[in-house]
Amino acid sequence: MPDPLLALNALDAHYGDFQALYGVDMSIERGEVVSIIGANGAGKTTLMRSISGLTRNDPAQVVFDGRPIGDLRADLIAGLGIALVPEGRQLFPSLSVEENLVLGGKTKRPGPWSLEKVYDLFPILGERRGQASTSLSGGQQQMVAIGRALMANPELILFDEISLGLAPVVIGTIYDVLPGIIGEGMTALLVEQDISRALAVSSRVYCLQEGRVSLEGRTDQVSREDITEAYFGAAAA
Amino acid sequence: MSVPAVTRATRASRIATVVAALGLVVLMLAPWWAGRADMRLMGEIYLYLSLACLWNLMAGYAGLVSVGQQAYVGFGGYMLFALTVFGGLHPIAAIVAAGGLAAAVSVPVATLIFRLKGAYFAIGTWVVAEVFRLSFAQVSALGGGSGSSLPVGIVRSLSSSRSGREALSYWLALGAAVLVIGTVYLFLRSRRGLALTAIRDSEAAASGLGIDIWRTKLEVYVVTSALTAIIGGLIFLQKLRISPDAAFSVNDWTAFVIFIVVIGGIGTLEGPIIGTLVFFAIRETLADFGTTYLMILGAVAIVVMLKAPKGIWGLIRDRIDLELFPLGYRVHQEGGEGGTLK
Amino acid sequence: MIEWVNALVQGILLGGLYALFAAGLSLIFGVMRLVNIAHGDLIVLAAYIGLSTTMILGVHPFIALLIVMPVMATIGYALQRGLLNHALGDDILPPLLVTFGLSVIIQNALLEGYSADPQKLNGGAIETASISLGGLAVGILPLLTFAIAVAVIAVLQWVFYSTGLGRGFRAVSDNQEIAQLMGLNKAHVFGLAMALALGVTAIAGILLGVRTSFDPAIGGGRLIFGFEAVIIGGLGSLWGTLAGGVILGVAQTLGAKIDPGWQLLAGHVAFLVVLALRPNGLFPRVEH
């Protein structure tokens, strides 16, 4: 069996002075779409930061494509092919829409995604390419954030709470394009509080609770009750 | 369960108080046991210690990083000359009055430069010092750009004998150091000190607690300015000669002071004391090397800032839980070790 | 009357030099929120490197720029990667005190190497040449200095807003963490920004040295002029910095016209008046 694309091995990670993750093991195969669900404070954001290099750990705790990257700088990890769509979109306010996208392609990795393809995917961005990114609506900003990550032609794309703070109809639009993106052969890791959305697009799910993996399984094999218990803890079940 | 007791003093701080009191008596008697040169050096040490404590109060506690404290040192010096020569005041009265005038001047200055944030505030203070320097250089009655000496009659009014003047000058410097350290210590122990600590930890949170940040910083700035001017008056009472370049020297009155505080340990009361002793030890051994000595001092300050930002006192405290000036609160649970709350 | 017009014109042209002092300061603050206390001493350092270059190679100071600019840019990159990057963070104290220490080190190293004697760069005939503009004799050197300042700011503006490098500067300035996720090495980007800033400083230092005599102690004053130009113009605006330099220069020459002793004082007063009336400067940056 080939190596998984991403493996987390007993990851202990800290957020500031607090330990946020305790011995988390995960394994993501190529082409998989995996969602990670959990309540606020379960450690999802720290997990994303650890994979993308914003939080540094021991080298072997994060292994990408067979290579230990736990202590690698974020910009080098980006060059290896991991892109993050960060929580809250986090566009660069001083940059126009197009500049945000171009910067996303800074790593110059070869692949299918280009400005034209992103504009094909989100035509509204093509119309607004010269505008300041802050002048866009929340949903359009989310499109820029996704487009910016795609421009890197990553092997692994991380989505952190992409539905947060958006109107339901906009969330629908965003989720409609996800299968198309993943159809390009990308591997995706999706952090989401909206459980049904997450389960609908992913084939496997990990549940985090207080920094530990409380459930892992195929989305067609885990029951709602299992997830509720893993999400809120045994007391709620 | 027993009720925990909260104290501020520790055994070390009580011992330190006794040692300090005994030491102070010994130092007060210096005119009877120390030579002329030693007394001069000690007087200078006290004045630098005072400047260091004051700068530390501003930068280490109130977050007001100034590189323009020479403004008030020079102002105090010039006020000593102006008030004695033209106002006919006794030098000591003139120095006290200089403190009051500096406080008055510092309020409008603060309303202007408090508009600058962080590092820009620092350079703003430097501009103010330059304005002071250029303004005093315009006053021809005080010697203009070349400066002037304190008239003999005024010098004699302190004491008729040279040794008497030297002893008085020494005691004044010692008294000023005690006054400054005492003021800073009491300031930090007061409600204002607590407010400062809150501001240092988080301006937003402090503001939420109803602390008027601007006003608290203003109070620190005014008190510091007044005391700095008093020290400036004493410095030029020792020198007996003043000129704009000497009075408003950024190297002498700010650079050295900053190095003292950084090397000793910024944001602690003990730091400036240790820093002053280290500074004078380095100066007395390396001063012959001139520029090299200053380069070494600058390099040491950089290394300390990057590698041990809490200075020498911070390094000591990391190894032993020691506090000579009891500022923190300690909670004692019966049968348990006391912990420190800051 | 003509004397006042003359003072005004001289002041505007002097403002070009101050804008050059300020441009590097402004750029560095814009990219990494660093206020470099040693900036003035680095300007003086550039003048001394220019002095050595002209003496060793026997070339005109402007030709020496071909050496001084890359040397200063290299110093800038090395300084940033080796020292200043380690001081940057949430706390403003370390960068402030580290650059303050650096200022003292540079100043005393120059004293050690070149002594306290005033030096000057020999610009030759250009120093005294002038052209007549409507009855005013305007020096070629001040005119050239102003033209260079305008050109430098135009180039910086172009780099900042129309190149990949500038895109990186703005991205890192906006959000350091997310910029790293785009594959930008923050330490390298900061190094490049400091290299660019000190490249500009090299130009400022050479023009300063050709215009007036200099000694190791004048760095603090140059820092203050640059700082005042930045604040008068408004933080983060490059063209505003030029305007700030011009206002400062005009205040100084008009002050000097009234009384030679008031030259510097008038400049500082102009700064304080702007600070009192328009604390954000005259042309603060508006987010586009």
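Here is the naming used below: chain letters follow the sequence lines, and residue numbers restart at 1 for every chain.
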Heavy atoms from other residues, nucleotides or ligands near OH of A:Tyr15 exceed 12 (cutoff 6.0 Å):
no
For A:Glu210, does the CD atom sit with more than 12 other heavy atoms under 6.0 Å from it, leaving out its own atoms?
no
Nearest atoms (heavy-atom pairs only) where A:Lys106 meets C:Leu184:
CE-CD2, 3.3 Å
Rounded to the nearest 0.5 Å, what's the gap from OG on A:Ser94 to CG on C:Asn175? Could you check?
10.5 Å
A:Ala78 and C:Gln180: which non-hydrogen atoms are nearest, and at how many Å?
CB-O, 4.3 Å
Restricting to non-hydrogen atoms, name the atom on A:Ala74 and the atom on C:Leu181 that form the minimum distance, rounded to 0.1 Å.
CB-CD2, 4.3 Å
From CG (A:Leu103) to CD1 (C:Ile178), nearest 0.5 Å:
11.0 Å
Taking the side chain as every heavy atom from C-beta outward, state whether A:Phe92 and C:Met182 have any pair of such atoms under 4.5 Å apart.
yes
Do the non-hydrogen side-chain atoms of A:Gln90 and C:Glu177 ever get within less than 4.5 Å of each other?
no
Quick one: does A:Asp75's side chain get under 4.5 Å of C:Lys186's, heavy atoms only?
no
Write down the atom of A:Thr107, the atom of C:Gly183, and the distance for their closest heavy-atom approach.
CG2-CA, 4.1 Å
Pick whichever of A:Lys108, A:Arg49, A:Met151, A:Gln131 has the most heavy-atom pairs under 4.5 Å with chain C.
A:Arg49
